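First comes the structure, then the notes that go with it.
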Amino acid sequence: MPTVAPASAQDAISISILGATGSIGASTIDLVLADPDRISVDSLTASTNAEKLAHEARRVGARLAVIADPDRYGELKAALSGSGIEAAAGRDAVVAAAGRPVDIMVSAIVGAAGLAPSLAAIGAAKAIALANKETLVCAGSLFMGAAAKAGTEILPVDSEHNAIFQVFERENAGEIAEVIITASGGPFLRMPREALATVTREMALRHPKWVMGPKITIDSATLMNKGLELIEAFHLYPVEPDQLSVLVHPQSVVHGLVRYRDGSLLAELGEPDMRTPIGYCLSWPRRRPTSVKALDLAAVGTLTFERPDRDRFPCLVLAEAALREGDGATCVLNAANEVAVEAFLQGRTGFTDIPVVVERTLSHMAASGPLAAPASLDAAMDLDQTARQIAREGLDFKGTVAS
Ligand code: NAD
Ligand code: MG
């Protein structure tokens, strides 16, 4: 680890981590442990793994550990015994933890389950380091509107959006022609269309560049992740949908680019390691050293870029269409995708069924007219639940879905 300069009192920050036992949680904890004099931890939350949560809470000296599954309370309490760390359980307790005042709330729960806690952090946290992209896909206008009103800064953790954050000149927003996010292309970049139907869970979980949680890894294989990221970028930056684009870049060295009308194309480059964007969020507006390997461009040698293949990756097309329709459609897209991905991970449906389930859910729900953007958390959760129900019904008719 590089030596970090001693923190002065005004540098010190308090953080909480929602989703502390996941991949983003682990990278964040790594950064905390490298800079313990500057970063103190208030709360950690997790879904079901009480033992790991307690272990991490002890390592970072958290004040509170919250497990979403109420049945794991006893286990968590026992694992924290003698540590002085408070234990709590249940979904409401996760939301309550998110509402405790801190400098930076790291929002790293996976899926729409992250929406209520992310919203609760608005006003309580000075800034939200947002990894949970589903918050923006599910209710982006609601979330960004509430954050702007409360004066809570949203710092993007997602590597592409963090890259754009670093090169997006807000004072020159009117001079921006295009915002480009890159995609590794996932494990099936060159796989022929017919072969995609035979993709197994194990094949799809082997991402060539990034080590991440299972849901985002499957989303990366279908390119739904890039679709979700276009929607995410739309809410984070003052751009129109047709100013957003995707470039496949298998080396994953260039993470995001902003093209200005004067002909300049600004990009952020780095090793594919989430500790860079998370570290930037935890240091912003300054920069601090991390233990991330320095990018050696000569060793990389060649950087290549190509357009995504929309025929083989229809999830990207579905997400682009939903983005144009608005927050109601993107909320449904996200819910249906979560249901389909979970079914795929459980071996209940095929890889190429994922876009079919999403498409059918969207057309079913939009049959009686355009889907209204959720104006409240309850409205977003209602729409999410209805879409999940329709998507599950679609899965039950798997024979029809696959045809
Ligand atoms: P992960 O599956 O590794 O971890 C998810 C975390 O959320 C775990 O701590 C889990 O306990 C918690 N969680 C899951 N369901 C929950 C629920 N219902 N209630 C409360 N907590 C719950 O996921 P990850 O890869 O760390 O991704 C987290 C988020 O960050 C996702 O939205 C993902 O899209 C985004 N993201 C991840 C990466 C990455 O490199 N992993 C990169 C960019 C963005
Ligand atoms: Mg990303």
Side-chain angles (χ1 to χ4, degrees), residues 16-30 43-53 55-57 65-70 72 76 88-98 106-118 120 128-138 155-165 181-186 205 207 209-220 223-233 236 246 249 252 254-256 268 271-278 281 334 337-338 341-342 345 381 384:
S16 287
I17 309 172
L18 307 171
T21 54
S23 159
I24 294 289
S27 296
T28 309
I29 288 171
D30 205 47
S43 311
L44 296 186
T45 80
S47 177
T48 53
N49 193 339
E51 201 184 315
K52 186 169 182 192
L53 175 62
H55 174 74
E56 300 299 357
V66 185
I67 194 86
D69 180 352
R72 307 291 173 113
L76 178 64
R91 276 202 254 173
D92 290 348
V94 172
V95 173
V106 180
S107 169
I109 290 174
V110 61
L115 175 61
S118 301
I128 299 174
L130 187 69
N132 178 249
K133 63 190 83 184
E134 293 89 349
T135 283
L136 292 174
V137 179
C138 206
L155 306 171
V157 167
D158 213 347
S159 56
E160 299 76 6
H161 306 74
N162 189 274
I164 293 161
F165 187 69
I181 58 177
T182 58
S184 70
L205 282 174
H207 195 277
K209 287 287 169 193
W210 298 91
V211 181
M212 310 179 286
K215 193 260 179 184
I216 184 175
T217 305
I218 302 304
D219 285 347
S220 301
L223 286 204
M224 180 59 96
N225 186 48
K226 260 341 105 175
L228 301 180
E229 290 184 355
L230 287 174
I231 299 163
E232 184 182 9
L236 288 169
V246 174
H249 166 52
S252 294
V254 179
H255 302 130
E268 185 267 352
E271 283 286 331
D273 186 324
M274 288 308 292
R275 288 174 303 175
T276 298
I278 302 168
C281 290
N334 179 67
N337 181 58
E338 284 193 35
V341 169
E342 193 187 3
L345 284 169
M381 290 292 91
D384 173 86

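One-based numbering, in listed order, for ligands and for the atoms of each. Predicted, not measured: the structure shown is a model, and the values here were computed from it.
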Exercise. Would you say Ala46 has any N or O atom under 3.5 Å from an N or O of ligand 1, going by distance alone?
Worked result: no

Exercise. Hey, does Thr48 come in under 3.5 Å of ligand 1, counting only N/O atoms on both sides?
Worked result: no

Exercise. If every non-hydrogen atom of Thr45 is compared with every non-hydrogen atom of Ala97, which pair is closest and at what distance?
Worked result: CG2-CB, 4.1 Å

Problem set entry | Lys215 vs Asn337 side-chain heavy atoms within contact, under 4.5 Å | yes

Seminar exercise, completed: Judged by heavy atoms only, the candidate from Gly19, Gly22, Ser47 nearest atom 11 (O) of ligand 1 is Ser47

Exercise. Which residue holds the protein heavy atom closest to atom 29 (C) of ligand 1, what is that atom called, and what is the gap in Å?
Worked result: Ile109 O, 3.6 Å

Exercise. So how far is it from Ile231 CD1 to Lys133 NZ, rounded to the nearest 0.5 Å?
Worked result: 11.0 Å

Problem set entry | Full working for side chain to side chain contact (heavy atoms under 4.5 Å, CB included) between Ile216 and Val110 | CA-CA 8 Å; Ile216 184 175; Val110 61; 5.9 Å; no

Exercise. Should Val94 be listed as contacting ligand 1, given a heavy-atom distance under 4.0 Å as the test?
Worked result: no

Seminar exercise, completed: the Mg ion (ligand 2) has as its nearest N, O or S atom from Asp158 the atom OD1

Exercise. Once you round to the nearest 0.5 Å, how far does CD of Glu229 lie from CD1 of Ile181?
Worked result: 5.0 Å

Seminar exercise, completed: Looking only at protein heavy atoms, what sits closest to atom 34 (O) of ligand 1 is Lys133 CE, 3.1 Å

For this session: Please determine if Ser159 has a nitrogen or oxygen closer than 3.5 Å to a nitrogen or oxygen of ligand 1.
Result: no

Problem set entry | ligand 1 versus Ala20: contacting region, heavy-atom distance under 4.0 Å | backbone

Problem set entry | Where Cys138 and Leu115 come nearest, the two heavy atoms and their spacing | SG-CD2, 4.1 Å

Exercise. Quick one: nearest non-hydrogen protein atom to atom 44 (C) of ligand 1, plus distance?
Worked result: Asp158 OD1, 3.5 Å

Exercise. Any N/O of Ile24 closer than 3.5 Å to an N/O of ligand 1?
Worked result: yes

For this session: Could you tell me whether the side chain of Arg275 and the main chain of Ser27 form a donor-acceptor pair under 3.5 Å?
Result: no

For this session: Ignoring angles and geometry beyond distance, decide whether Gly213 reaches within less than 3.5 Å of ligand 1 through its nitrogen or oxygen atoms.
Result: yes

Exercise. For Glu134 and ligand 1, does the shortest N/O to N/O distance drop below 3.5 Å?
Worked result: yes

Problem set entry | From OG1 (Thr182) to CD (Glu268), nearest 0.5 Å | 9.5 Å

Seminar exercise, completed: Note: heavy atom closest to atom 42 (C) of ligand 1, options Lys215, Met274, Glu229, belongs to Met274

Exercise. When you measure from atom 19 (N) of ligand 1 to every protein heavy atom, which one gives the shortest distance, and what is it?
Worked result: Ala68 CB, 3.9 Å

Exercise. Looking at Glu229, which of its N, O or S atoms is the nearest one to the Mg ion (ligand 2)?
Worked result: OE2

For this session: Return the minimal non-hydrogen interatomic distance between Val95 and Ala116, and the atom names on each side.
Result: CG2-CB, 4.1 Å

For this session: Report, in ascending order of atom number, the atoms of ligand 1 lying under 4.0 Å from any heavy atom of Met212.
Result: 25 (O), 39 (C), 40 (O), 41 (N)

Exercise. Side chains of Val211 and Ser23: does their closest heavy-atom pair fall under 4.5 Å?
Worked result: no

Exercise. Can you tell me which residue and heavy atom of the protein come closest to atom 5 (C) of ligand 1, and the distance to 0.1 Å?
Worked result: Val110 CG1, 3.7 Å

Problem set entry | Distance, nearest 0.5 Å, that separates CH2 of Trp210 from OG of Ser159 | 4.0 Å

Seminar exercise, completed: The atom of Glu160 among N, O or S that is nearest the Mg ion (ligand 2) is OE1

Exercise. Any N or O on Val211 sitting closer than 3.5 Å to an N or O of ligand 1?
Worked result: no

Seminar exercise, completed: heavy-atom search around atom 3 (O) of ligand 1 in the protein gives Ser23 N, 2.9 Å

For this session: Give the atoms of ligand 1, by number and element, whose distance to some non-hydrogen atom of Ala108 is under 4.0 Å.
Result: 5 (C), 6 (C), 7 (O), 28 (C)

Problem set entry | Spacing of Leu228 atom CG and Asp158 atom CG [to the nearest 0.5 Å] | 9.5 Å

Exercise. Is any side-chain heavy atom of Leu130 closer than 4.5 Å to a side-chain heavy atom of Val157?
Worked result: no

Exercise. If you measure from each non-hydrogen atom of Ala113 to ligand 1, which part falls under 4.0 Å: side chain, backbone, both or neither?
Worked result: side chain

Exercise. Any side-chain heavy atom of Leu345 sitting closer than 4.5 Å to one from Leu205?
Worked result: yes

For this session: Answer yes or no: does an N/O atom from Thr21 fall short of 3.5 Å to an N/O atom of ligand 1?
Result: yes

Exercise. When you measure from atom 35 (C) of ligand 1 to every protein heavy atom, which one gives the shortest distance, and what is it?
Worked result: Ala131 O, 3.1 Å

Exercise. Nearest to atom 36 (N) of ligand 1, what protein heavy atom do you find, and at what distance?
Worked result: Ile216 CD1, 3.6 Å

For this session: Find the distance between CE (Met274) and OG1 (Thr28) and round it off to the nearest 0.5 Å.
Result: 8.5 Å

